[in-house]
2 protein chains.
Amino acid sequence: MDDRRSAARRDGERRAAREGQPVPPATVGRLPGYLRALEVTASEGAVLTSSDELAARAGVTPAQLRKDLSFLGSYGRRGIGYDVGHLREQITVVLGLADVRRVLLVGVGNLGHALANYAGIADRGFVLVGLLDVDPAVVGTTVAGLEVEHADDLRAVVRRTGATIGVLTTPAAVAQGVCDELVAAGVVGILTFAPGALRVPAHVDVRTVDVASELQILAFHDRARSVGGGAS
Amino acid sequence: MDDRRSAARRDGERRAAREGQPVPPATVGRLPGYLRALEVTASEGAVLTSSDELAARAGVTPAQLRKDLSFLGSYGRRGIGYDVGHLREQITVVLGLADVRRVLLVGVGNLGHALANYAGIADRGFVLVGLLDVDPAVVGTTVAGLEVEHADDLRAVVRRTGATIGVLTTPAAVAQGVCDELVAAGVVGILTFAPGALRVPAHVDVRTVDVASELQILAFHDRARSVGGGAS
DNA sequence: TAGATTGTTAATCGATTAACAATC
DNA sequence: TAGATTGTTAATCGATTAACAATC
C-alpha cells in the first residue's frame, strides 16, 4: 500500500512493531519464555546467542523463534546471532515491562497468600500494590508487607494505587462479581485462578489459570496412553 | 477409505472417538470448561441444555462447542439439545476421569502447600497420594492429611502410590532435575509451576503454569492500549 | 573468500467460523 | 406440519514449518 524505499525499510519495520498491533497472539504468548531464556543466557555471561541456542532453551524450534522475533522488527545480525542484552531490552519494551505495572490481588486465602509472596511477581516488572479480602480474620493483617484491606473498598484502593492489573484468587462463586468491580474501577487486565469463564468488556484482557483443567488435560493423555495402548 | 453403510455410521464415529487420538488438542483444552459448565447447569436442576446455553456458559461460540463435541461422537439430539447428565458422563470418560488419577506433589513451599489443600484437585477426579520436599523443616510434617516425605525417596513413593501425574512446585533451579526423576520413576504427566521449559521424552506430557508469564502477557496488552492510544 | 546465521518467503497444517441440510 | 437445534461441510483465517537468499 505504502511505497517506501530501501533505506527506510528496516526502521519502518521496527517502528511498526513498536507502535503496534501486528504481533500475533501466539507470538506474544511465547515472548515471556524468550525473555527468561535470555536472562539465563545473560547470567552465564554470554554476550551473543543464536536462534539455535535460544530456541533450545525456550523449548521451541529455531525457525519458530526467528519468525517470532521478526514480528518485533529484526534485532539480530546475519552470520553473527543476537546480542543478548539488546534483545532482552527489546522484548522487555515490547512486553510493556519498561514501566512497572501495578497489581492488585483479591482473595487472600491459601493461594492468594502464596502468590502475594511469590518472587516472580516483584522480580519481573510488577509491584503488588494492594491486597483485598472479605474475611474479618484476614482483613487488617499484614501479608507480604501490605495490610489486607476490605474488598468493599476495592474502588478506592484501585483509585489510590493506580493498579491496572488484578489477580483474582477468590472462590469461583464470587469471581464474576469481583471481576465486574475491578473492571468498573478501571483495571484492564485480569489474571484469574477461579474456574469458569469471566465476562468482560472487549477492552479488558483476561487470562485464566485453572489448575483442575490442567490436570484434566493431563488425564486425557494418561488415559489415551492406556486405551490406545502398546506399540505404535 | 473405509466403506461402511448408514446404520453403522453413528456407532462407528463413537467408537473412533472412544478408541482414539482424533480429538484435536485445541478441543481437548476446552473440554474441562465444558464439563464445568455442565456441572453448573446440572446444579441448577436442568436436564436438557443447548449449544447456545452451554457455549455462553463456557465462554465460546455455539459453533465452536458443536464442532468440539462432534469429535467425541455426537451426543445431542437435533431439535432437542443435549442431555446434561449424559454429556457430562461422556466428557468425563473422554477426559479419562472415569478412573481416579493419582497425583504426587513435589515442593511443599508456599504454593505447594496451597495446592495440596486446593479442593479443585480432590473434587475433580484426582487423589493426592504423596507430598515431597527436601527441607528438613517441612519433611515429616503433615499437610493436607499427608506426611511430607523426603524427595530422595521419590522413586519409592511413586512405586508405592502408583502415581501417574506429578505436580512440580519447586524452585526453578531444581525443576529439571526433579522432572527427570519423576519421568524415570514412571510418571507420565507433569504440571509444573516453575518457569522455564522442561525437557521430557515424547511419551510424557508437560503443562506449564507460569504466573509471571501470564502477567507479562497482560502487560503487553496494557502497554498496547496506552501506546496504540485513543480512538479506534 | 568461505562459513555461519539471520530474516523472509512459500507451503503446509490446524483451528475457527458460518451456513445449512438433516432430523427431532 | 412448523419450529428448533444439531452435526457436518466448506470457506476462512491464523500458525507452524522448511527452505533459502541475503548478509555478516
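Computed from heavy atoms alone, side chains included, the values below leave out hydrogens, waters and symmetry copies. All chains are named by letter (A, B, ...) in the order of the sequence lines, taking the proteins before the strands, and each is independently numbered beginning at 1.
- Residue pairs satisfying the salt bridge (charged side-chain N to carboxylate O under 4.0 Å, His left out) criterion with at least one member in residues 187-212 of chain A, sequence neighbours excluded, are listed as follows: R207(A)-E214(B).
- Contact annotation: Q64(A) reaches the phosphate of dT17(D) (side-chain N/O to OP1 or OP2, under 4.0 Å).
- Neither OP1 nor OP2 of dC24(D) sits under 4.0 Å from any side-chain N or O of Y82(A).
- Remark: I121(B) pairs with L215(A), Y118(B), F126(B) by the side chain to side chain contact (heavy atoms under 4.5 Å, CB included) rule, at least two apart or across chains.
- The interatomic distance linking D52(B) (CG) with dG3(D) (P) rounds to 18 Å, in whole Å.
- Here salt bridge (charged side-chain N to carboxylate O under 4.0 Å, His left out) pairs that include residues 41-51 of chain A, with residues two or more places apart or in two chains, are E44(A)-R57(A).
- Only A26(B), R30(B), listed by number, bring a heavy atom of residues 26-46 of chain B to less than 4.0 angstrom from any atom of DNA chain C.
- Taking atom OH of residue Y75(B) and atom C1' of nucleotide dT8(D), one finds them 17 Å apart after rounding to whole Å.
- Here the side chains of V204(B) and L182(B) are not in contact, with every heavy-atom distance at 4.5 Å or above.
- Comparing atom distances between the S51(A) side chain and each of dG7(D), dT6(C), dT17(D) picks out dT6(C) as nearest.
- Without hydrogens or angle criteria, R223(A) side chain to D99(B) main chain gives no donor-acceptor distance under 3.5 Å.
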With Watson-Crick and G-U wobble geometry limited to distances under 3.5 Å, how should the secondary structure of DNA chain D be encoded in dot-bracket form, using | for bases paired to another strand and [ ] for crossing pairs?
..||||||||||||||||||||||
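- Here the closest non-hydrogen pair linking V60(B) and Q64(B) is CB-CG, 4.1 Å.
- Partners of R102(A) under the salt bridge (Lys or Arg N to Asp or Glu O under 4.0 Å) rule, at least two apart in sequence or in another chain, do not exist in this structure.
- Here dT5(C) presents its C1' atom at 15 Å from CG of D83(A), a figure rounded to the nearest Å.
- You'll find that the side chain of P24(B) is closest to dA15(C), out of dT6(C), dT6(D), dA15(C).
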Using nucleotides 21-23 of chain D, report all nitrogen or oxygen pairs with the protein that are shorter than 3.5 Å.
from	atom 1	to	atom 2	distance (Å)
dA22(D)	N3	R78(A)	NH1	3.1

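- With DNA chain D read from its 5' end, the first of the two nearest nucleotides for R77(A) and D68(A) is the one closest to D68(A).
- Mapping I80(A) and A63(A) onto DNA chain C by nearest heavy atom places I80(A) at the nucleotide closer to the 5' end.
- The salt bridge (Lys or Arg N to Asp or Glu O under 4.0 Å) search around D180(A) returns none, not counting sequence neighbours.
- For K67(B), the side-chain atoms get nearest to dT9(D) when compared with the rest of dA15(D), dT9(D), dT6(D).
- To the nearest angstrom, P of dC24(C) lies 15 Å from CG of L48(B).
- The list of salt bridge (charged side-chain N to carboxylate O under 4.0 Å, His left out) pairs with a residue in residues 60-87 of chain A, not counting sequence neighbours, reads R30(A)-D68(A).
- With rounding to whole Å, Q90(A) atom CD is found 12 Å from dG7(C) atom P.
- Residues satisfying the salt bridge (Lys or Arg N to Asp or Glu O under 4.0 Å) test with D52(A), not counting sequence neighbours, are none.
- Looking at heavy-atom distances under 4.0 Å, P62(A) makes no contact with the nucleic acid at all.
- Contacts classified as salt bridge (charged side-chain N to carboxylate O under 4.0 Å, His left out) and involving residues 88-98 of chain A (residues at least two apart or in different chains) are not found.
- In this structure, the CZ atom of F71(B) is 15 Å from the C1' atom of dT6(D), given to the nearest Å.
- dT8(D) atom P lies 14 Å from atom CG of L65(B), rounded to whole Å.
- Not counting sequence neighbours, the partners of R124(A) by the salt bridge (Lys or Arg N to Asp or Glu O under 4.0 Å) test are E39(A).
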